[in-house]
Amino acid sequence: MSDWAMKISMLASGSTGNVTYIETPKKKFLVDVGLSGKKVEQLMQQINRQLCDVDAIFVTHEHKDHIHGVGVLARKYGMDIYANEKTWEAMENQLGKIDIAQKHIFRMGDTLTLGDIDIFSYGVSHDAIAPQFYSFHKDNKSFVMLTDTGYVSQRLKDELQGATAYLMESNHDVELLRAGSYPWSTKQRILGDKGHLSNEDGALAMSEMITKDTKRIYLGHLSQENNDKIVARQTCELILKEKDLGVNHDFYVFDTHPDKPTELFTL
Ligand SMILES: [Zn+2]
Ligand SMILES: [Zn+2]
């Protein structure tokens with residue numbers, strides 16, 4: 001095989017803001033910019049990368065923890081923005097003025113080739129207008145992102161099976177959420193089919209997608225109120241072990257953080 005590689009860092013992940021950085025030999029991307037432009041500049045410095053080199057931003061949905069800095073960065077650095085039509089409608093007012101040449105439609109279910117990489121989009125079950133996530137593919141390497149979903153259909157699990165690396169939602173511990181201080185209606189929203197995956201449900205979905213090609217699983221979008229890094233990891237590892245999957249030898253489970261980047265790893 002070629003020595004082609006992609007490099008990935010979850011710059012920030014959690015209910016307070018989400019940004020992922022992906023680069024190939026030819027392209028540099030962000031998926032979502034859910035923090036201020038200033039903050040993302042700092043996070044990029046921590047992985048020795050510069051925003052002026054980023055070609056495009058892929059937006060998953062219009063919630064603030066995913067779009068907060070999209071408009072600012074796009075204006076400052078001239079990045080292209082990709083989102084589906086409904087998401088564009090829902091977020092346009094919040095982004096401020098964006099040059100028409102930077103606006104691109106990425107329809108749900110479509111595949112786009114940019115430079116040396118293929119990008120797939122797929123819908124998720126979440127309380128936004130038309131939420132879609134993205135996966136990145138070339139040859140035998142792939143990176144799948146799946147957060148902000150209350151439910152994962154069998155069809156989607158089949159479609160996303162066997163990726164080399166995953167960013168997988170592990171939003172809350174159900175007991176911590178139930179016992180916590182959120183109002184009842186908010187708890188119902190999070191627990192519902194259009195909310196977020198719990199540690200347990202994220203791990204169960206993951207267990208059906210892992211194959212011998214899978215090397216890394218990043219637990220993402222942890223709630224700071226209703227979760228705990230150690231609980232999330234332990235829950236995930238326990239469930240995967242119960243399913244006879246090779247945790248910590250065939251593949252590894254990694255944390256993400258709300259305010260610091262993960263290592264820029266090579267796939
Ligand atoms: Zn959301
Ligand atoms: Zn979110």
Side-chain angles (χ1 to χ4, degrees), residues 9-22 29-37 39-40 43 57-71 73 81-95 106 108 121-135 143-153 156 160 166-174 176-177 180 182-183 185-199 201-202 205-206 218-227 229 232 255-262:
S9 169
M10 271 46 82
L11 295 178
S13 182
S15 305
T16 48
N18 296 276
V19 195
T20 297
Y21 173 79
I22 298 161
F29 304 127
L30 297 176
V31 178
D32 291 331
V33 183
L35 295 163
S36 72
K39 183 70 191 167
V40 179
L43 294 168
I57 302 168
F58 298 96
V59 177
T60 61
H61 63 296
E62 72 279 13
H63 288 164
K64 195 169 183 219
D65 60 318
H66 297 261
I67 65 163
H68 184 71
V70 169
L73 291 194
I81 307 174
Y82 291 85
N84 63 41
E85 215 159 348
K86 285 188 171 155
T87 300
W88 265 116
E89 280 169 25
M91 72 178 177
E92 208 144 21
N93 289 337
Q94 300 168 69
L95 297 193
F106 196 149
M108 194 179 284
S121 71
Y122 37 91
V124 295
S125 177
H126 191 54
D127 54 358
I129 189 83
Q132 69 182 15
F133 270 81
Y134 302 97
S135 62
F143 173 54
V144 162
M145 302 179 71
L146 189 56
T147 69
D148 298 80
T149 192
Y151 169 78
V152 189
S153 69
L156 190 59
L160 302 180
Y166 289 90
L167 171 64
M168 186 71 202
E169 174 151 71
S170 197
N171 178 259
H172 56 274
D173 175 88
V174 175
L176 287 176
L177 176 68
Y182 280 14
S185 59
T186 311
K187 291 181 185 178
Q188 290 308 112
R189 181 187 88 77
I190 295 169
L191 289 166
D193 265 7
K194 296 199 160 193
H196 291 279
L197 290 176
S198 67
N199 298 335
D201 288 343
M206 198 64 252
Y218 283 81
L219 300 180
H221 215 298
L222 267 68
S223 163
Q224 281 171 290
E225 290 272 338
N226 306 308
N227 210 348
K229 233 171 229 179
D255 295 323
T256 61
H257 319 282
D259 51 5
K260 68 170 196 229
T262 65

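Start at 1 and go down the list; that is how both ligands and their atoms are numbered.
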Pair Asp193, Ser125: side-chain N/O donor-acceptor within cut-off below 3.5 Å: no

Can you tell me the N, O or S atom of His66 that's nearest the Zn ion (ligand 2)? NE2

Before moving on, can you tell me the angle at the Zn ion (ligand 1) between the NE2 atom of His126 and the OD2 atom of Asp148, to the nearest 10 degrees? 90°

Between the Zn ion (ligand 2) and Asp65, which N, O or S atom of the residue is the nearest one? OD2

Please find the N/O/S atom of His221 nearest to the Zn ion (ligand 2) and write down its name. NE2

Locate the shortest heavy-atom distance separating Thr147 from Met168; write the atom from each residue and the value. CG2-C, 4.2 Å

Can you tell me which residue among His257, His172, His66 is in a ring-ring contact (aromatic ring centres under 6.0 Å, His included) with His221? His66

Minimum side-chain heavy-atom gap Val59-Asp32 below 4.5 Å: yes

Would you name the N/O/S atom of His63 that lies closest to the Zn ion (ligand 1)? ND1

Is His61 close enough to the Zn ion (ligand 1) that one of its N, O or S atoms comes in under 2.8 Å? yes

Indicate whether any N or O donor in one side chain lies under 3.5 Å from an N or O acceptor in the other, for Ser223 and Asn171. no

His196 backbone or side-chain N/O/S under 2.8 Å from the Zn ion (ligand 1): no

Is the closest side-chain heavy-atom distance between Val152 and Leu160 below 4.5 Å? no

